Structure formats: C-alpha cells, structure tokens
Asker: 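This is the structure, below, for whatever I ask next.
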Amino acid sequence: MQEIKVKKLRENAKLPVYGTEFSAGADLFACLDEPLTILPGETKLISLGISLEIPTGYAGLVFARSGLATKRSLAPANKVGVIDSDYRGEFFVPLYNHGTAPQTIENGERIAQLIVTPYLTAKFVEADTLSETVRGAGGFGSTGSR
C-alpha cells in the first residue's frame, strides 16, 4: 500500500477514506463553514480543506460518487479531475448540478472519490505515416458496426 501525505489546511477538513476494504476510490469530503446550495445548471467550487503529496509517477484522479450523481444529479463539472504529483495547493471539486432541483452540500459530506494511479509519460514525435490497423481511421461508433 502506497503512503500519501495529507496536509489539513482547515481544522474541520477530513482525510480521504476508503469506504470498504476493496474500494478503488477514497471518499473526498466537503470542507465548508456553512451549507452550500447548488442551483440547477450551476457549478460551485467545493473546498476539501486538504492538500496531498502524490508520489512522482502517480496521478490523483477525481471521479463522481455514483450515489450523488444518480440520486442527486451532482457530479464534477470537469468529469474527471487530474491532480499532478507536483501540485501542493488546496484541493477543490467543481460540482455541477445536472438536475432540476437545487441541491445543498453539507460540511463533511462525501462529494467525490479519489483514485491514485500510476501513469506513463510519452515522448511525442512527428511522423509522416502511422502503422495500419483493421480499424484504421474509423471514428465514433465505428467499432460497433461490424
């Protein structure tokens, strides 16, 4: 298990927590001074009150919580947030209300989940040709037509 340092920036902040032994994502918690209402079609930046030291060669990916998305129509506005290993600032989640009713976030509420994963970097080189494949240049939906 990889150890990750977490710095609490506010007294009422909570460290990420895995809901079960086999959870891939650790729950992230809102760190608010008072409840915050998100109107339909609106995005609000929700403080987590923490910063993390993600190890070099890893990234933090912030995803929606399925229950919050399906039951209350709230999900990160950027769909998946990417946190680089050299970022040391405060973490925020931009929550977007996809629904038709206002939704209120309370302090300490689970609002997203964090997956820490290794990644590879690439060296991009210009080329005049690319190798041939069966799919070729088939775009959106092209693999379902066979």
Side-chain angles (χ1 to χ4, degrees), residues 1-126 130 133 135-146:
M1 180 176 286
Q2 181 72 45
E3 186 174 287
I4 296 181
K5 293 179 183 177
V6 180
K7 182 178 180 182
K8 288 176 75 172
L9 303 174
R10 298 177 56 194
E11 188 176 321
N12 62 337
K14 293 184 176 184
L15 273 60
V17 173
Y18 291 100
T20 69
E21 178 183 1
F22 299 107
S23 294
D27 290 328
L28 297 173
F29 301 89
C31 184
L32 303 170
D33 294 325
E34 58 189 33
L36 182 98
T37 299
I38 306 172
L39 300 175
E42 185 176 48
T43 299
K44 290 279 179 92
L45 206 55
I46 311 297
S47 169
L48 302 181
I50 60 171
S51 59
L52 280 87
E53 187 175 314
I54 296 173
T56 301
Y58 290 78
L61 303 179
V62 179
F63 293 94
R65 290 195 61 253
S66 58
L68 199 62
T70 57
K71 295 176 184 171
R72 296 179 52 200
S73 300
L74 293 173
N78 55 343
K79 307 304 180 216
V80 178
V82 178
I83 304 161
D84 299 313
S85 63
D86 60 347
Y87 179 67
R88 295 292 184 270
E90 183 174 0
F91 282 28
F92 293 88
V93 174
L95 272 187
Y96 178 75
N97 184 346
H98 293 271
T100 58
Q103 296 293 329
T104 300
I105 299 296
E106 302 285 339
N107 180 55
E109 186 173 347
R110 297 177 299 163
I111 61 166
Q113 57 183 320
L114 174 69
I115 294 178
V116 178
T117 186
Y119 65 88
L120 300 174
T121 54
K123 179 179 180 183
F124 298 96
V125 295
E126 187 173 350
L130 302 175
T133 67
R135 181 177 181 176
F140 297 105
S142 66
T143 60
S145 63
R146 298 191 175 117

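Note that the coordinates shown come from a computational prediction; the quantities given were computed from them, not determined experimentally.
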Asker: Under a 4.0 Å threshold between the charged nitrogen and the carboxylate oxygen, would Lys14 count as salt-bridged to Asp27?
Answerer: no
Asker: Look up atom CD in Gln103 and atom NE2 in His98, then write down how far apart they are to the nearest 0.5 Å.
Answerer: 12.0 Å
Asker: Compare every heavy atom of Val93 with every heavy atom of Pro76, then report the nearest pair and how far apart it is.
Answerer: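 In this case the closest contact between Pro76 and Val93 is CG-CG1, 4.2 Å.
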Asker: List the atom of Tyr119, the atom of Tyr58, and the distance in Å for their closest heavy-atom pair.
Answerer: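 In this case the closest contact between Tyr119 and Tyr58 is CE2-O, 3.1 Å.
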Asker: Can a donor-acceptor pair be found, under 3.5 Å and without considering hydrogens, that links the side chain of Arg72 to the backbone of Thr104?
Answerer: yes
Asker: Locate the shortest heavy-atom distance separating Thr56 from Ser85; write the atom from each residue and the value.
Answerer: CA-OG, 3.8 Å
Asker: Mind running side-chain contact (heavy atoms from CB on, under 4.5 Å) on Ile46 and Leu32 for me, showing each step along the way?
Answerer: CA-CA 8 Å; Ile46 311 297; Leu32 303 170; 4.2 Å; yes
Asker: Of all the heavy-atom pairs spanning Ala26 and Pro16, show the shortest one and how long it is.
Answerer: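 For Ala26 and Pro16, the tightest heavy-atom pair comes out as CB-CB, 3.9 Å.
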Asker: Between CZ of Arg110 and CG of Leu28, what distance do you get to the nearest 0.5 Å?
Answerer: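 That separation rounds to 11.0 Å.
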Asker: What pair of heavy atoms forms the shortest contact from Asn78 to Pro94, and how long is it?
Answerer: OD1-CG, 3.7 Å
Asker: Does Lys8 have more than 12 heavy atoms from other residues, nucleotides or ligands lying within 6.0 Å of its NZ?
Answerer: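 Yes, the 6.0 Å shell around NZ holds more than 12 heavy atoms from other groups.
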Asker: To the closest 0.5 Å, what do you measure between CD1 (Ile115) and OG (Ser23)?
Answerer: 10.0 Å
Asker: Is there side-chain contact between Val17 and Phe29, with heavy atoms separated by less than 4.5 Å?
Answerer: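 SC-SC contact between Val17 and Phe29 confirmed.
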Asker: Would you say the side-chain atoms of Gln113 pair up with the backbone N or O of Ala64, donor to acceptor, closer than 3.5 Å?
Answerer: yes
Asker: So, do Ser51 and Lys7 sit near enough that their side-chain heavy atoms are less than 4.5 Å apart?
Answerer: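 Of all side-chain heavy-atom pairs linking Lys7 with Ser51, at least one is under 4.5 Å.
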Asker: Might you point out which heavy atoms bring Ile38 and Ile105 nearest each other, and give the distance in Å?
Answerer: CD1-CG1, 4.1 Å
Asker: Quick check: do Leu48 and Ile111 have side-chain heavy atoms less than 4.5 Å from each other?
Answerer: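 Of all side-chain heavy-atom pairs linking Ile111 with Leu48, at least one is under 4.5 Å.
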Asker: Do any N or O atoms from the side chain of Ser47 and from the backbone of Gly49 form a donor-acceptor pair under 3.5 angstrom?
Answerer: yes
Asker: When you compare the side chain of Ile83 with that of Phe91, does any pair of heavy atoms fall below 4.5 Å?
Answerer: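 Yes, side chains in contact.
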Asker: Find the distance between CD (Glu11) and SG (Cys31) and round it off to the nearest 0.5 Å.
Answerer: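 Here the interatomic distance stands at 10.0 Å.
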Asker: Assess the residue pair Val116 and Gln2 against the criterion (side-chain contact (heavy atoms from CB on, under 4.5 Å)); give the C-alpha distance rounded to whole Å, side-chain angles, the decisive distance to 0.1 Å, and a yes or no.
Answerer: CA-CA 9 Å; Val116 178; Gln2 181 72 45; 5.7 Å; no
Asker: Between NZ of Lys5 and CZ of Arg88, what distance do you get to the nearest 0.5 Å?
Answerer: 9.0 Å
Asker: Begin with the C-alpha distance, continue with both residues' side-chain angles, and end with the deciding distance and a verdict on side-chain contact (heavy atoms from CB on, under 4.5 Å) for Glu109 and Leu68.
Answerer: CA-CA 10 Å; Glu109 186 173 347; Leu68 199 62; 3.8 Å; yes
Asker: Heavy-atom distance under 4.5 Å between the side chains of Leu61 and Val82, does that happen here?
Answerer: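 Yes, close enough: below the 4.5 Å cut-off.
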Asker: Once you round to the nearest 0.5 Å, how far does CG of Leu52 lie from CG of Leu15?
Answerer: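 Leu52 CG to Leu15 CG: 8.0 Å, rounded to 0.5 Å.
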